[in-house]
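In what follows, a structure is listed as structure tokens, so that the remarks can point back to it.
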2 protein chains.
Amino acid sequence: MKLNIAVLAGDGIGPEVTAQSIKVLKAIALEFDHSFSFKYAPVGAIAIDETGNPLPEATLEQCKNSDAILFGAIGDPKYDNDPSAKVRPEQGLLALRKSLGLYANIRPVKAYDTLLSKSPLKKDIIKGTDISIYRELTGGIYFGKKETSADGDTASDLCEYSRIEIERVAHLAFKAAQSRRKKLTLIDKANVLETSRLWRKVVKEVATNYKDIELDFLFVDNAAMQMILNPKQFDVILTENMFGDIISDEASVIGGSIGLLASASVGDKYAMFEPIHGSYPQATNKGIANPIASILSAAMLLDHFDLNDEADLIRTAVDKSLALHITTPDLNTKYDNITTSKVGDFIADFISNPK
Amino acid sequence: MKLNIAVLAGDGIGPEVTAQSIKVLKAIALEFDHSFSFKYAPVGAIAIDETGNPLPEATLEQCKNSDAILFGAIGDPKYDNDPSAKVRPEQGLLALRKSLGLYANIRPVKAYDTLLSKSPLKKDIIKGTDISIYRELTGGIYFGKKETSADGDTASDLCEYSRIEIERVAHLAFKAAQSRRKKLTLIDKANVLETSRLWRKVVKEVATNYKDIELDFLFVDNAAMQMILNPKQFDVILTENMFGDIISDEASVIGGSIGLLASASVGDKYAMFEPIHGSYPQATNKGIANPIASILSAAMLLDHFDLNDEADLIRTAVDKSLALHITTPDLNTKYDNITTSKVGDFIADFISNPK
Ligand SMILES: [Mg+2]
Ligand SMILES: [Mg+2]
């Protein structure tokens, strides 16, 4: 397969972790006889420095002319700590999601056997956890009409959803469930909210196309409890924008390390893949940044094009690196000299020579 | 002090756990020379059976003529499992909160040393956790305008807040912080929501009256993570209705038992105290219902009238019962014959004869 990949490495540790993903994708291309091309474009603080714009027009064009986008991280203290800054790196990410119509955010949450002791939760609670969260990303209260009264004493936010916004992300989630454990949980607050009742109605209708999937429902407050009490009960979670923000961040701490968490943001035409961690400026160029979240994002990119064997091989290589303690210091209890680049080398080598 | 207390014991295990609270309050009255009177009134399924209304007019009147309300639990399978039921027990609770203007919900969350092993979280994460959550209870998106388009394909919910709604619950929370560890965390989503920005503005203004209190802010998605990663960091939490629903339910699992969690719902004129657990119909009249949540709700009732020594004595007695394994089977690893009533007896006896 030929894939043109736009690489938006961004700020802080973004470039060094993304470099490992590219190393790994090149190994995959060689091993499976694909042709991947990588075109680099600036985004975030580095783009502000160069052009004054966190998402330059040329970068957006590059993305639109690519099959997929590999994103690093953005954010720089010189902007974040300046309340008077008019342009902020993060605006680049929001503008990108919006311009490309990326309406579904996908976040896998997995408890790795070798890392169970790093979790704040007990081992027996989390062992075996393997969740895929589908969050609607461009609707709901975050994007609804916002108003403040003239006297500044009243404010409002409108949460709105339409059938089509629910259907498109629901189809993605049901399809994902079909290749997993065939269970989908809709998280809503249908006992109180009108939008949640619409979600429940539309999702039930969509479900009639996926008769092999078991569908259940959970109120968001109960879901926030269940995620701690028994995360193993979940397979695919589907939910609206704000509930997805809260529940996916809550779930992100289960595995014990944010350095392992990948994500995808998908629309009808474009798709972007990125680690959920930030630009972590303090760690920049020290060789200590954990590249696994970025590498697993590259695996999600391959899954997106149905290159599932290739994606699985990356995940096997990652499991191997964790089992052999070939990890950066944040996860390593055995060696203290494994750099970002060495982790990338190990995983790429494993792909070329699976043992 | 003279207190007229309306007792709305409700359904399921409500009456048996509330009976223990009354036993305990009578012991307190005797020991501290107070005069507490108890007037019983029906609410919930039992009220529907008697009158057709989950909150009969006479019950509401009784509440309005009392200094405080001790509430048990409501809900009965014969209504909950009947989708065609027009009147539901839970409507009684909502109607009560609304009729009495109970705008602040207060939920303490505490990790008891003797029960640390029951938590899904690791001991070192939760040991020492002691949080008081102040949730706005009558505003926000749960009560805002709800609309569905004529074709049923679009729906909306409006989240609205006014300055006064924020101020009154904020004052309660700041005052609580003054008698605790002097820290208040506002949970919002001010980077996205207009209502959250109003909350932040008004809470900052209210804070100028409480210069001894350290005020900080946390976005709700981050708060959902922090509650698991490091719950000890929180003292008083203040938040809007829906965020409070999600975060307080998430926090409720930290202690390892829902059978210990009390709550208060407070307004300018009235105040109601209740365990957060439900009516647990399967356990009714078996002597296995844990009365501690109800007894700790009675302690919150005393705190409400500044009877803090009295409230503290109840809490000391509860700690003692936990330490000596005088608890119902849900918590007991040592004895299997301690009934609901025996727990109440032990705590009341301890109050009469503190050892
Ligand atoms: Mg978030
Ligand atoms: Mg709730």
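Order of the sequence lines sets the chain letters (A, B, ...), proteins ahead of strands, with each chain counted from 1. Just so you know, these numbers use all the heavy atoms, side chains as well, and skip hydrogens, waters and symmetry mates.
Within a 6.0 Å radius of NZ in B:K145, other residues, nucleotides and ligands contribute 12 heavy atoms or fewer. With a 6.0 Å radius and a threshold of 12 heavy atoms from other residues, nucleotides or ligands, B:Y280 has its OH atom at or below the threshold. More than 12 heavy atoms of other residues, nucleotides or ligands lie within 6.0 Å of NZ in B:K232, so this atom counts as buried by the packing criterion. The number of heavy-atom neighbours closer than 6.0 Å to CZ of A:F219, taken from other residues, nucleotides and ligands shown, is above 12.
Closest of all the heavy-atom pairs between A:D221 and B:D245 is OD2-OD1, 3.0 Å. The two residues B:K201 and A:G152 have their closest heavy-atom pair at NZ-O, 3.0 Å. In terms of heavy-atom proximity, B:A155 sits nearest to A:L198 at N-CD2, 3.6 Å. Closest non-hydrogen pair, A:M242 versus B:L193, comes out as SD-CD1, 4.3 Å. Closest of all the heavy-atom pairs between A:K146 and B:V192 is CE-O, 3.1 Å. Residues B:L121 and A:K122 come closest through the heavy atom pair O-CE, 3.4 Å.
Side-chain atoms of B:D249 never come within 3.5 Å of backbone atoms of A:M225 as a donor-acceptor pair (strictly under, hydrogens ignored). Judged by distance alone, the side chain of B:D153 and the main-chain N or O of A:R163 form no donor-acceptor pair under 3.5 Å.
Between chain B and the residues A:S162, A:A223, A:S252, the largest count of heavy-atom pairs under 4.5 Å involves A:S162. Note on B:S149, B:S119, B:S248: by heavy-atom pairs under 4.5 Å with chain A, the leading option is B:S119. Note: B:I228 leads B:D151, B:N230, B:I228, B:I247 in heavy-atom pairs under 4.5 Å with chain A. Ranked by heavy-atom pairs shorter than 4.5 Å toward chain A, the options B:V253, B:I254, B:D124, B:V202 are led by B:V253.
We find the CG-CD distance between B:L229 and A:E250 to be 10.5 Å, quoted to the nearest 0.5 Å. A:T154 contributes atom OG1, which lies 9.0 Å from atom CD1 of B:I166 (distance to the nearest 0.5 angstrom). To the nearest 0.5 Å, atom NZ of residue B:K189 and atom CD1 of residue A:I246 are 8.0 Å apart.
With a 4.5 Å cut-off on non-hydrogen atoms, B:F243 touches chain A through its side chain but not through its backbone. Proximity to chain A (any heavy atom under 4.5 Å) is restricted, for B:I125, to the side chain, taken from C-beta onward. Of the two parts of A:E147, only the backbone, made up of N, CA, C and O, holds a non-hydrogen atom closer than 4.5 Å to a non-hydrogen atom of chain B. With a threshold of 4.5 angstrom between heavy atoms, A:T195 approaches chain B through its backbone and through its side chain. Both the backbone and the side chain of A:L158 come within contact range of chain B, with heavy atoms under 4.5 Å apart.
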